[in-house]
Amino acid sequence: MPCKFCGKFNAMTSIKKALPRRRFDAVIIGAGGSGMRASLQLAEAGLNVAVLTKVFPTRSHTVAAQGGIGASLGNMSEDNWHYHFYDTIKGSDWLGDQDVIEFMCREAPKAVYELEHFGMPFDRNPDGTIYQRPFGGHTANYGEKPVQRACAAADRTGHAMLHTLYQRNVRAKTNFFVEWLALDLIRDDAGDVVGVTALEMETGQVYILEAKVVLMATGGAGRIWDASTNAFINTGDGMGLAARAGIPLEDMEFWQFHPTGVAGAGVLLTEGCRGEGAILRNKDGERFMERYAPTYKDLAPRDFVSRCMDQEIKEGRGCGPNGDYVVLDLTHIGAETIMKRLPSVYEIGMNFANVDVTKEPIPVVPTIHYQMGGIPTNINGQVVVPGNGKKNDLVNGLYAIGECSCVSVHGANRLGTNSLLDLLVFGRAAGNHIVGMDLKNREFKPLPDNAGEQTLARIEHLNASTSGEYAQDVANDIRKTMQKYAGVFRNQELMDEGVRQMAKLTERAKHLWVKDKSEIFNTARIEALEVANLIETANATMISAAARKESRGAHSHDDHQLRDDENWMKHTLWYSEGNRLDYKPVQLKPLTVDSIPPKERTF
């Protein structure tokens with residue numbers, strides 16, 4: 001078959017070089033919170049599980065989560081899952097599907113207690129119960145007042161969770177393939193997923209991993225932006241694999257800017273700071289959030305706080321010599337509380353801003369943090385696409401969970417602490433569903449004749465290159481383009497130009513040159529392969545955003561400043577082939593309770 005990049009038949013594919021193969025009941029791509037929660041379920045059920053990960057499991061990006069896990073335990077004040085359900089729908093700006101939101105909020109306490117029983121070292125109250133702190137957008141009595149719902153382990157909750165899950169997986173004898181890069185899904189003629197191709201970084205060898213089930217848990221793609229709280233491994237690999245396999249990506253226009261990234265560094269300061277009482281101030285020392293959100297103040301949802309901060313800076317009330325940031329003031333909290341509840345924040349202040357947060361405010365700006373969109377799935381983590389007369393037809397053999405998926409519980413804007421909760425609840429749900437399939441007694445589906453050809457063509461294209469562009473030059477230009485044309489505030493002219501710029505970058509990405517042709521731990525080749533994933537994710541974001549003519553959640557459109565439920569209360573589906581868009585309705589019917597009807601979001 002011809003190379004999809006250059007259109008020529010090349011020697012590698014015509015020879016049909018035999019790739020080494022391995023077989024597993026299930027292959028999980030990614031060893032973060034969701035991947036390891038699912039793998040634990042499968043390994044404990046006696047299945048032969050392979051977990052592929054680009055980095056050592058405890059280095060996965062879940063380790064960077066700070067603030068907590070949202071669950072209505074009610075340890076600090078009255079709370080129940082109905083309030084959490086309402087807050088999540090309101091936070092999503094009514095783009096979240098209410099059936100899966102109900103499921104997540106009802107399962108939340110169970111997921112947290114399960115982690116506690118696994119040995120996760122949560123902070124404790126004097127009576128021994130799990131400590132909970134307030135968090136943005138989480139309220140009691142349907143928006144009446146802030147509530148303490150975030151179950152925290154100081155400000156290292158993701159770190160504690162990841163290590164706990166890794167230890168349980170080691171106990172369950174999960175097979176980890178560390179420093180492996182998944183490259184392409186293998187689909188048969190019926191469209192079922194029957195395996196994945198992967199590169200072992202240490203040797204440069206490409207393998208075919210046959211599987212009865214492939215589960216994507218690859219995390220987000222924050223590295224398509226110039227200023228991001230995301231690790232450098234977050235290159236949108238899951239989205240790239242899905243898009244190249246013909247699977248659409250859902251709601252990719254919605255990206256969360258976290259209000260408190262350290263100015264100039266992009267490192268995250270947890271929302272737990274504001275949960276513990278920190279205050280955002282402008283150059284006049286004013287607590288400006290009181291003007292914008294009289295009830296929620298600094299604990300309004302993230303999309304809203306980010307826009308307020310941007311507004312303060314634009315209107316000339318920013319701090320510093322250039323007036324290009326605001327400050328987060330923790331000084332009144334007290335050194336003792338900071339060192340007990342926010343020790344990492346103190347370290348980040350010293351290391352990245354040269355600020356002692358116990359004595360002076362720290363400069364902050366909104367920074368890209370989280371993607372609400374991703375690979376479309378149902379409540380069991382099964383990937384669903386339009387087909388056979390249905391809006392949600394199953395792609396057999398393929399699951400997706402965590403940030404790379406779109407269930408959609410987060411809609412147009414995620415509430416803080418709901419990401420770690422999403423990992424646990426849907427990692428467990430997908431694991432349970434796969435266990436219920438009785439994979440041990442299922443046969444492997446035969447691989448198609450062209451299995452691995454697409455991957456070999458991509459690698460041979462890089463190996464045969466004698467000139468072209470460096471991968472990091474193209475990757476950096478993608479990041480600058482996204483930062484410039486799809487920021488906190490967007491308008492049609494900006495986004496349309498962004499689409500044109502991305503079209504040029506897509507063409508440039510077809511002509512990458514790798515100078516180093518060696519096989520063993522060739523990071524230049526790995527970065528070039530990652531660019532293909534960055535391109536797919538960035539195109540999905542830019543094209544979906546330019547098409548949405550309204551403001552909703554994290555998508556703030558200056559030319560269409562109001563939410564338009566009549567025309568735009570629907571999920572976007574972007575297809576890589578032809579950059580085609582489709583849409584599907586939002587699920588407004590919960591599982592067991594009354595629907596929460598759309599209304600204006602006020603705080």
Side-chain angles (χ1 to χ4, degrees), residues 30 34 88 91-97 100-101 104 216-225 228 230 234-243 245 247-258 302-303 368-378 381 383-386 391-392 399-415 418-419 422-423 426 482 486-487 490 495 498-499 502 533-548 550-557 568-576 579-587:
S34 62
T88 301
S92 80
D93 216 353
W94 276 270
L95 199 75
D97 290 335
V100 287
I101 291 173
M104 182 179 77
M216 312 268 267
T218 56
R223 282 290 149 188
I224 65 169
W225 306 83
S228 171
N230 282 208
N234 287 22
T235 50
D237 300 345
M239 277 68 70
L241 265 78
I247 292 162
L249 302 179
E250 181 177 341
D251 289 343
M252 289 299 293
E253 62 267 48
F254 298 105
W255 282 81
Q256 183 166 90
F257 286 81
H258 195 291
R302 291 175 181 174
D303 62 324
I368 271 294
H369 182 56
Y370 187 90
Q371 64 173 56
M372 272 70 76
I375 303 162
T377 67
N378 64 16
V383 173
V384 290
V385 298
K391 280 291 180 189
N392 293 309
Y399 288 70
I401 49 176
E403 191 175 348
C404 76
S405 71
C406 184
V407 188
S408 150
V409 282
H410 306 305
N413 173 65
R414 172 177 71 76
L415 288 190
N418 272 356
S419 57
D422 171 10
L423 305 185
F426 293 102
M482 296 305 296
R490 302 166 175 179
M495 290 186 286
V499 170
M502 280 308 307
N533 302 326
L534 292 171
I535 279 285
E536 299 287 7
T537 314
N539 271 324
T541 300
M542 205 70 250
I543 289 160
S544 300
R548 186 170 283 269
E550 66 159 356
S551 289
R552 184 186 296 270
H555 179 68
S556 182
H557 198 316
W568 286 104
M569 190 186 278
K570 57 188 178 183
H571 297 298
T572 307
L573 294 172
W574 170 88
Y575 290 83
S576 177
N579 285 318
R580 179 168 64 87
L581 293 178
D582 194 7
Y583 295 91
K584 69 177 184 179
V586 175
Q587 174 57 267

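Residues satisfying the salt bridge (Lys or Arg N to Asp or Glu O under 4.0 Å) test with D303, not counting sequence neighbours, are R307, R601. Residues satisfying the side chain to side chain donor-acceptor pair (under 3.5 Å) criterion with N392, sequence neighbours excluded, are K584. Taking the side-chain contact (heavy atoms from CB on, under 4.5 Å) definition, one finds that N539 meets it with M502, T506, I535, I543, W574, N579, sequence neighbours left out. The side chain to side chain donor-acceptor pair (under 3.5 Å) search around Y575 returns none, not counting sequence neighbours. Remark: S576 pairs with E536 by the side chain to side chain donor-acceptor pair (under 3.5 Å) rule, at least two apart or across chains. In this view, D237 and K54, T235, N533 satisfy the side chain to side chain donor-acceptor pair (under 3.5 Å) rule, not counting sequence neighbours. Shown here are the salt bridge (Lys or Arg N to Asp or Glu O under 4.0 Å) partners of R552, two or more places apart in sequence or in another chain: E550, D565. Under the rule for a salt bridge (Lys or Arg N to Asp or Glu O under 4.0 Å), D97 has no partner lying at least two apart in sequence or in another chain. Applying the ring pair (Phe, Tyr, Trp, His ring centres under 6.0 Å) test to F254 and every residue at least two apart in sequence or in another chain returns nothing. With sequence neighbours excluded, the residues that form a side-chain contact (heavy atoms from CB on, under 4.5 Å) with T377 are V383, A400, S405, V407. Remark: S92 engages no residue in a side-chain contact (heavy atoms from CB on, under 4.5 Å) (not counting sequence neighbours). Among residues two or more places apart in sequence or in another chain, the ring pair (Phe, Tyr, Trp, His ring centres under 6.0 Å) test is passed with H557 by H555, H560.
The nearest pair of heavy atoms linking M239 to A221 is CE-CB, 3.9 Å. Closest approach of G236 and T537 over heavy atoms only: O-OG1, 3.7 Å. The two residues P386 and L573 come nearest to each other via the heavy atoms CG-CD1, 3.6 Å. When all heavy atoms are compared, the tightest approach of H571 to D251 is ND1-OD2, 2.7 Å.
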Audit row: E253, T572, side chain to side chain donor-acceptor pair (under 3.5 Å) steps and yes/no = CA-CA 8 Å; E253 62 267 48; T572 307; 2.7 Å; yes

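Between N418 and V409 the shortest side-chain heavy-atom distance does not fall below 4.5 Å. You'll find the side chain of D582 reaches within 4.5 Å of the side chain of K391, heavy atoms only. No side-chain heavy atom of W255 sits under 4.5 Å from any side-chain heavy atom of M482. Looking at heavy atoms from C-beta onward, M372 lies out of side-chain contact with C406 at the 4.5 angstrom threshold. With contacts defined as side-chain heavy-atom distances shorter than 4.5 Å, the pair V385/P248 qualifies.
The side chain to side chain contact (heavy atoms under 4.5 Å, CB included) test with I375 is passed by exactly one of V384, L249, I401: L249.
Remark: Q256 CD to I368 CD1 distance equals 8.5 Å, nearest 0.5 Å. For the atom pair OH of Y370 and OG of S228, the computed distance is 13.5 Å after rounding to the nearest 0.5 Å. In this structure, the separation between CZ on F426 and OH on Y399 is 14.0 Å, given to the nearest 0.5 Å. The structure places NE2 of H410 at 9.0 Å from OG1 of T88, a figure rounded to the nearest 0.5 Å.
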